[in-house]
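Dropping a structure here in C-alpha cells format, bear with me for questions.
The chains referred to below are lettered A, B, ... by the order of the sequence lines, with proteins before strands, and numbering in each begins at 1.
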Amino acid sequence: MIGEYMQTIEIERKWQEEWKKAKIFEAEPDKRKKFFITVPYPYTSGPLHIGHGRSYTNGDIFARYMRMLGYNVLFPMAFHITGTPILSISMRIANNEKETINLFKEYVSLYENDPKKVKKIVESFKEPWNVANYFAEKMMDDFKSIGYSIDWRRRFTTGDKAYKAFVQWQFRKLKESGYLIKGSYPVLFCINCNNAVGEDDIKGGDVIKPGICEFYLLKFKFDDLYLVAATLRPETIFGVTNLWLNPSATYKIIQIDGEKWVVSEEAAFKLSKQNKELKEIGEIKASELIGKYCIEPMNKNKILILPAEFVDTSQATGVVYSVPSHAPFDYIGLVEIWNGKFVDEFKLNINEIKSIKPISLIKVKEFGDHPAIELCEREGIKQVREKDKLEKVTQELYKLEFYNGILKENCGKFAGKKVFDAKEEVFSYLYSMKLADKMYEVSAIEKPVVCRCGGNVIVSVISDQWFIDYGNEEWKNKARVCLDRMGIVPEIYRKLFEDTIAWLHERPCARRRGLGTPLPFDSNWIIESLSDSTIYMCFYIISKYINEGKIRAEQFEDKVFDYVFLGKGEVEDIEEDTGINREILKAMRKEFEYWYPVDQRHTAVGHISNHLTFYIFNHVAIFPSDKWPKKITLNEMLIREGRKMSKSYGNVLPLAEIPKKYSADLYRLYVSYAADLTSTLDWRENDIKNVAGKIERFYNILAHVKKGKFRKSMLKRWLISRFNRKIKMADECIKSFKIRDYIQHAFFDVLNDINHFERRETDKKEVNRFLYSIADEWIRLMSPVIPHLCEELWHSLGKKSFVSIEKWPSANDKLIDDKIELAEETIMNTHADIVQIIELIKKQPKKINLFIASEWKFKFLNKLIKIFNENKKIDFNFIMEKIKEEDFWKEKKEDVIVLLKKFVKEPGKLPSIINERNIELKAFLEAKNFFENEFKCSVEIIKEEKATIEKARQAMPGKPAIYVE
RNA sequence: GCAGGGGUACUCAAGUGGACGAAGAGGCAGGCCUCAGGAGCCUGUGGCUUAGUGCCUUCCUGGGUUCGAAUCCCAGCCCCUGCACCA
C-alpha cells in the first residue's frame, strides 16, 4: 500500500478485463425476465467529472442489483454530440484563443502523457468531429475504469448516419401527428456572425447568464413625431412627470408603420432585426428636444423633455419616461436638475422644473406615497453616479410593487387592480390605440453581451422557426396518463413532472447551425440537442446490429424503423427495398419487443423540467402504450467542499482521476453513501479518507477469514442475527432505491457489528473462522457497490464464478432473534454502567457481582408491555384488574404495586421489549469472561433471589443490579 | 412572485408520534493495540448532580393538539433549486 489510499487500481483493472473477456454484461434476449435500465448519454464536449459519475454510479448499482436478482439486464451507453457547444469550442481553437486552448490541453492531459501528443490532439480540435470523437472514446475508458456494467457493443453517437436517419424518422412521425408547428421566435443574435448564438458563444456566458427580455414601448407625441420610450413597467405611465433623453446623443428618426419614431441609433438597428419594416429618414440631436414639451399617451398631459446621464442609448430605445415616485433613478435625476445640473447648459426654465411634482400611483404597505424617495433617503443616495445603489433599490422596489402593489385612484379604469395584473392590461389598452408596442432586449447579469467573435449580441426575431408543440392539450393528457402509470422515485418529484407537463408549450426544436440532424423537411435547420434525444433508448436495440456490420447506415429507410419499432409493414417488402436480410429485420423486431419498454431511467433531478418530460411526451407520441417508460429514478446534484463545481472556481474533479487518485470502489461507495438521493452531495476529502479506511477494514477482514471449526455461542448467534437482520434491511432499502440506507445497513452497520464481535469474543482464534461463515453473503451483498474488491475477495474464497452475476443474498428470518440481540444490548449497557461506577468510586475493583432480576419481574413487565400495547394506556386500576389472576401478583403483591406506580407515573419509562429471564441469565453467564477481561477482576453472576445484599433488589429485567467490591 | 425542497448538537448527516440526549460519520479529549500498521479499536463530548441515578435545558422561532412531539396542526423567520432553448 502506497500513497494516501489503498491502491487497488491493479485489482480493478484485472476484473474489468475479466468481465470484458467473459462478456458478462453483454445482454442478449433469452428466457429470463428482462430489465432495461438507461442513464442519459454524456455530452462529449470535455471530460466527465465526479458529478456526472454520481448518476451513472447509481444507475450501475441498480443494474448490478437487478442482475443479481436474476434479471437479464441491459445497461447500454452512447454519446451525445449534437448542438452548438462543440462547434463553439472548435471555433475558439481555430481562432487561436489561448484560454480555450489551454483548457483543452489540460483536459487532454488527463489522458495523454506526452505534451507533443497533447498539442497535436488539441490542434485537431479545430474540426468539431474530432472533439466529439476524442472525448467519446475517452469517456468510454472512464466508464470502464469505474467498473460500470455496460454493454458496449451498442454504443453510438448522435452524429452517426444511422442515428440521423432515425431522428428524421421520429420527426416525420411528429409532423404527421401535427406536433410540429411553425412560428416566430426571438433569439440572441450576433450582428457580426449574423447568426443566432447560445450561452457558449458569448464571452463569459456562463457567468453573466445572457437572456432575452421584453420592453414595452410607449409613444410620446412631439409634433408629427413619436418619442418612443421603453419601460418594463407600462402601468407607471400614470405617474409620468417628464421624459428623459441622453443629453449627448443624436437620435434617429425612422419611418415605421406609417409613423415617425424617434429612437436611438442602436435601437433603430435592433428594431430592424425584430420583424419591423423601417426606414431611416433623418436624425435629431437630444439638445434640440430638451426643454420642450411632448404629450404622454395615457392622459395626454404635456410633459417636459429633460436630460439624464443614466439614459443609455444602447439599452432599448434610449428614450425613457420619468416616474420619480416609483423609480429611484428618475427621482435622483430630477434632484440633480433641481439642484441646477444641466440648467444653464440647456437653458432650462427654473419655474417649469420646480413645478414638477412626483405623482404617486402605486400603493404598497411597506411605503408611503413616494417609495422611490423614501428608498433614496434611506440609502442616502444623492447622485445619479451612485449607480449600484440605485440599481439595488430599483430591484427591491420593482419586486415589491410588482407582486404586492395596487394601483391608486388616479389610474383611471385600472384603479384598484394589482400591478401584477394591470401591467399587461395597461399595455393592451395603449396598444389598441396604437400608442404602444414591444421590443426585445438582451438581459444579463453584467453587460455588455458580446459574442466570442467580438460582435455585439442583440435580439433578433426569427419568423420561420420550427416548434414542437408541447402545448397541445390532447398530447399533454396522453403524457399525463403515462406519468400516472409510471414509478417516480423518490416520489416527491412527481409533482415537478406534473407541473412541467402543465407549463410546457411550444419548444423551438431546430437551429440554424450546430452539429446534429437536419430537419427532414427543411434542411436549413438542425434539430436541437434536447429534441433529438427523447426516444433514443430504442436505438440501442439496432445500434448493436450496425456495429456488428449486419446493416449499413444507408439501408435505413423509414420503413425499417416502422417495422422494427412499430411492427408495421412486411419483412419481405422491406428486404426487397432496402436489401436488409429479413432474418435480421425479424431479429431486431424481436429484440425490440423483448427489451422495450425502458424499465428504469436514472438521472439527475435537473433533467425533469426538460429532457425527462420530453422523454415521456415523445414516447407517448410515437409508441403504443405498452412501450411507454415504466420508471424514472432521480438523484440530486453534487458539490465539492461546499461549493458548486465550475470551471471558474477551478475545482472540477474529472472522473478520469478517480481510479488513480482514489479508487473506483472508493468513489462508488462514497458517492452513493455520502448523501441520499434527494440531497445535494458534498464531496469532502476528509469524509472520503474515512470511508477509505472503512473499505480497507472491510477488505482486511474478508481477506483474513479462514475455513474452520468454531464453538457455538450466544455471541455468535447475536452476530448471525444482526447480520441477517442487516441483509433484510439492506434488501428492503435497495428494493425501494434507498441506496444510501442500503449501504448504511449492508456495509457500515455490519462493519460495526463485526468490530463489536471481535471485541466481545474472548477466544480471538475463533474470530476469523467464524467470520468465514458470513463472508460469502457479505461479499455478495456489497458487490453492486464495490464490485472490484468483492470480485477479488470472492475469488480469494476459492470461488470460480463472478460475484457480479451471482445470486443476491437473502436473509434467513429464522436466524433473526430479537431476544438474543436484546440480551447483548443488556450486556453492553451493564458494561457501561460498571465503567461509570468504577469511575465514580475511583478504585480498581476486586470483584464485581451482577444480580439478574427475579423471574416475577420479567413476567410482570412482559404482561405490562402487552397490556400497554393493546390498550395504549397505563391506568392503575385498569392494570390491577388485568393482572390479578397472575401468579406474580399473588406472590409479590407489594413489590408489584411499587413498580406499577412508577410506570403509571411515567409511562415513557416502560421499555418496549423485555427478555426472558433464562436468556438474559445465559447471556451473562457466557459474558463472564468478557467482563473479567475488561475489568481485570473476578465477576460473579447471581440470581436476585439468591442474593444476600440489599442492592440486589434493584435488579430489573434488562438492567441487572451491580455491586462492586 | 410561482413551483418544489429544506432548517437536527462544534461540523456533515439520519430520524417524521413512545425504546430519543436523538443513527452514522467528522472534529476534539483521553485510553488501547503494536505490524491485517502512515491504519484499526474503545471511552467521553448540553448543564448540574449521582454507585450505574436524578433533575433541568435542547432538534429555526412562537403558539396549539396529545398521557407523550424533532416528528402532527397553525402562524412567522431564514436558506437552497427550477421557471426553459443551456446540455
Side-chain angles (χ1 to χ4, degrees), chain A residues 1-4 6 40 42-43 45 80 82-86 185 187-188 196 198-200 205-206 209 211-212 399-400 402-404 420 492-493 495-496 498-500 502-505 507-509 511 528-531 533 605-611 636-637 642 673-676 678-680 682 684 686-687 689-694 696-697 699-701 703-704 740-741 744 748-749 752 755-756 758-759 768 822 825 829-841 865 868-869 872-875 904-913 934 951 954 958-964:
Chain A
M1 260 162 244
I2 7 141
E4 200 162 0
M6 182 163 85
Y43 192 68
S45 60
H80 197 199
T82 310
T84 52
I86 290 180
Y185 193 70
V187 293
L188 290 176
E199 196 178 285
D200 296 284
D206 51 335
K209 300 278 172 213
I212 294 170
K399 244 187 165 171
L400 202 64
F402 180 65
Y403 293 114
N404 306 322
F420 187 88
I492 51 165
Y493 295 114
K495 179 91 169 65
L496 208 51
E498 287 167 0
D499 292 346
T500 305
W503 291 337
L504 234 40
H505 52 264
R507 177 187 175 84
C509 63
R511 303 238 192 104
E528 158 282 332
S529 62
L530 282 177
S531 301
S533 305
V605 174
H607 289 135
I608 295 175
S609 59
N610 43 50
H611 165 72
E636 275 289 350
M637 57 188 303
Y673 164 74
D676 66 23
T678 59
S679 324
T680 304
D682 191 1
R684 298 195 305 180
N686 232 2
D687 290 357
K689 229 176 260 172
N690 183 256
V691 171
K694 303 283 178 193
E696 217 169 313
R697 172 109 178 105
Y699 186 79
N700 285 333
I701 289 170
H704 286 81
R740 179 182 202 268
D741 297 340
Q744 177 73 43
F748 291 94
D749 287 355
N752 282 345
N755 288 341
H756 178 73
E758 280 202 18
R759 174 174 176 226
N768 286 336
L822 182 64
E825 216 179 297
N829 288 341
T830 306
H831 179 270
D833 287 347
I834 298 171
V835 168
Q836 213 173 103
I837 292 169
I838 291 173
E839 247 170 53
L840 283 168
I841 60 175
I865 289 165
F868 179 68
N869 286 341
K872 281 286 157 208
K873 65 171 180 180
I874 294 191
D875 175 85
V904 168
K905 203 171 154 199
E906 286 181 287
K909 292 267 153 74
L910 187 67
S912 59
I913 162 173
E934 286 283 311
K951 185 92 195 162
Q954 281 184 7
K959 197 166 183 60
I962 303 164
Y963 179 67
V964 178

Classify the nucleic acid contact of A:Val964 as base, sugar-phosphate or nothing, counting any heavy atom under 4.0 Å across all strands shown.
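Touches a base.
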Looking for any heavy atom pair under 4.0 Å, which part of the strands does A:Asn610 touch: base, sugar-phosphate only, or nothing?
base
Tell me: CD of A:Glu636 to P of B:G5, nearest whole Å?
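From A:Glu636 CD to B:G5 P: 11 Å.
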Polar pair under 3.5 Å, donor/acceptor by atom type, side chain A:Arg507, base B:C85
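Flag set: donor-acceptor pair detected.
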Is there a Watson-Crick or G-U wobble partner for B:G82 with both distances under 3.5 Å, and which nucleotide is it?
B:C2
Paired with B:G24: which nucleotide, if any, by Watson-Crick or G-U wobble criteria at under 3.5 Å for both distances?
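The base-pairing partner of B:G24, which may sit in any strand shown, is B:C12.
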Contacts of A:Asn755 and A:Gln836 projected onto RNA chain B by closest heavy atom; the upstream (5') one is A:Asn755
How long is the span from the OG1 atom in A:Thr678 to the CD atom in A:Glu636, to the nearest 0.5 Å?
7.0 Å
For B:G38, give the paired nucleotide (Watson-Crick: N1-N3 plus N6-O4 or O6-N4; G-U: N1-O2 and O6-N3; both under 3.5 Å), or none.
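Pairing partner: none.
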Distances for protein N/O vs nucleotides 8-14 of chain B N/O pairs under 3.5 angstrom?
unit_1	atom_1	unit_2	atom_2	d
B:C12	O4'	A:Arg684	NH1	3.4
B:C12	O4'	A:Arg684	NH2	3.3
B:C12	O2'	A:Arg684	NH2	3.2
B:A13	O2'	A:Arg740	NH2	2.9
B:A14	OP1	A:Asp676	OD2	3.4
B:A14	OP1	A:Ser679	OG	3.1

What's the CD-P distance between A:Glu696 and B:C41, to the nearest Å?
11 Å
Are A:Thr830 and A:Asp833 close enough that a side-chain donor and a side-chain acceptor fall under 3.5 Å?
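Absent: no donor and acceptor within the cut-off.
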A:Ile492 CD1 - B:G82 P separation (whole Å):
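So the two atoms are 16 Å apart, to the nearest Å.
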With heavy-atom distances below 4.5 Å as the criterion, would you say the side chains of A:Glu528 and A:Pro508 are in contact?
no
So what does A:Phe748 touch, heavy atoms closer than 4.0 Å: a base, only the sugar-phosphate, or nothing?
nothing
Looking at side-chain heavy atoms only, is the closest gap between A:Asp741 and A:Asp676 below 4.5 Å?
no
Heavy-atom check, side chain of A:Glu934 versus side chain of A:Val835, under 4.5 Å
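Not in contact.
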Across the strands shown, which category fits A:Ala703 at heavy-atom distances under 4.0 angstrom: base, sugar-phosphate, nothing?
nothing
Tell me, do A:Arg697 and A:Asn755 make a side-chain contact under 4.5 Å, heavy atoms counted?
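Yes - at least one pair of side-chain heavy atoms lies under 4.5 Å apart.
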Hey, which of these two, A:Glu825 or A:Glu934, hits RNA chain B nearer its 5' end, going by closest nucleotide?
A:Glu825
What nucleic acid atoms does A:His607 come within less than 4.0 Å of, heavy atoms only: base, sugar-phosphate, or nothing?
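Touches nothing.
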Partner nucleotide of B:A19 by Watson-Crick or wobble geometry (both distances under 3.5 Å)
none
N/O donor-acceptor pair under 3.5 Å between A:His80 side chain and A:Pro40 backbone:
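Such a contact is absent between A:His80 side chain and A:Pro40 backbone.
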